[in-house]
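What follows is one structure encoded as structure tokens, with my remarks underneath.
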Amino acid sequence: MMASGRKLVRADYADPRSVRAARFFLGKVLCVQAPDGYAEGVMIETEAYGGRRDAASHAFGNRRTARTEIMFAPGGVAYVYLCYGMHRLFNIVTGPVDSAQAVLVRAVKITAGHELVRKRRVGVAEKDWASGPGRVCAALGIEMHHNRHDLLGETIWIEDRGIVPPARQVKRTPRIGVDYAGVWALKPWRFVWSP
DNA sequence: CTCTCGATTAGCT
DNA sequence: GCTAATCGAGAGA
């Protein structure tokens, strides 16, 4: 952990609106201490999922199942799930209990653990190491067993290093891969920081 | 139980 | 631009 880093606390995950949370997380550093080593990256692309009313969310219609239950927990825990049978996707649960707000981390820029990530992403160009939600997990070593992990612990956490993305470098777009969600797919709830 | 499909990626044309 | 890979969640019978 960098000396200047402030680990986010419960209150940092309490925003009841995941759209604001998604914007807030841009520039924050996602840190993972895995069995094979430590790696971290600055979050540069996030997407908000808006709970039971959002047709793109797994919690749509107040759907509470073994998989989605963790989304209803108070903010500050990990929601990791398997997509297309092979890719892990990492979400930050935000907001108060039962609000089912979540933020998908779609891309990070690796800032520590380069040698480790190079081994995990053999043959992949550095610019592609963590550019995509499945790639973020592959690069940082996030596995299914990290699902439901508390983000205030020593395994996966987020730090504020004082990195502030200039507003003019942050773009909002509709979310990716949620065309099935009708009008909800049109909401500009994806945030991209392009320095 | 069966069936469908996915908050994606890599590799190819 | 196109699509195979790969398997669990969720829905319905």
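First the proteins, then the strands, lettered A, B, ... as listed; each starts at 1.
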Next on the checklist: Can you tell me how far apart CZ (A:F191) and CE (A:M43) are? Round to the nearest 0.5 Å.
Outcome noted: 13.5 Å
Checklist entry - Can any side-chain N or O of A:R172 pair as donor or acceptor with the backbone N or O of A:W189 at less than 3.5 Å? => result no
Checklist entry - For atom C1', what is the distance between B:dA7 and C:dG1, given to the nearest Å? => result 22 Å
Checklist entry - At under 4.0 Å, does any side-chain N or O of A:R135 touch on OP1 or OP2 of B:dA10? => result yes
Next on the checklist: Quick check: any donor-acceptor pair below 3.5 Å linking the side-chain of A:H58 to the base of C:dA9?
Outcome noted: no
Checklist entry - Using a cut-off of less than 4.0 Å, is there contact between a side-chain N or O of A:R63 and OP1 or OP2 of C:dA11? => result yes
Item to check | Same apolar cluster: A:V178 and A:L89, side chain cutoff 4.5 Å | outcome: yes
Checklist entry - OP1, OP2 of B:dT8 versus side-chain N and O of A:R106: anything below 4.0 Å? => result yes
Checklist entry - Would you say a side-chain N or O of A:T65 is under 4.0 Å from OP1 or OP2 of C:dA9? => result no
Checklist entry - Taking the six-membered ring where the residue is Trp, are the ring centres of A:Y49 and A:H58 under 6.0 Å apart? => result no
Item to check | Rounded interatomic separation in angstrom, taking CH2 from A:W129 and P from B:dA10 | outcome: 14 Å
Checklist entry - In Watson-Crick or G-U wobble terms, both distances under 3.5 Å, what is the partner of B:dA7? => result none
Checklist entry - Could you state the CZ-C1' distance from A:R67 to C:dA11, rounded to the nearest angstrom? => result 13 Å
Checklist entry - Are A:R121 and B:dA10 close enough that a side-chain N or O sits under 4.0 Å from OP1 or OP2? => result yes
Item to check | Presence of A:Y84 side-chain N/O under 4.0 Å of C:dG8 phosphate oxygens OP1/OP2 | outcome: no
Checklist entry - Looking across every strand, which nucleic acid part, if any, lies under 4.0 Å from A:R175 by heavy atom: base, sugar-phosphate, or nothing? => result nothing
Checklist entry - Please give, in whole Å, the distance from B:dC5 P to A:Y81 OH? => result 17 Å
Checklist entry - Given atom NZ of A:K127 and atom P of B:dT9, what is their separation to the nearest angstrom? => result 13 Å
Checklist entry - Under 3.5 Å, is there a donor-acceptor pair between the side chain of A:R52 and the main chain of A:D98? => result yes
Next on the checklist: If I take atom CE in residue A:M71 and atom C1' in nucleotide C:dA9, what distance separates them, rounded to the nearest angstrom?
Outcome noted: 14 Å
Item to check | Base paired to C:dT6 (Watson-Crick or G-U; both N/O distances under 3.5 angstrom) | outcome: none
Next on the checklist: I need the NE2-C1' distance between A:H87 and C:dA5, as an integer number of Å.
Outcome noted: 8 Å
Checklist entry - How long is the line joining CG of A:L104 and C1' of B:dT8, in whole Å? => result 11 Å
Checklist outcome for this item: note: A:I176, atom CD1; B:dT8, atom P; distance rounded to Å ~ 8 Å
Next on the checklist: Students often get this wrong, so: under 4.0 angstrom with heavy atoms, is A:R64 touching a base, only sugar-phosphate, or nothing?
Outcome noted: nothing
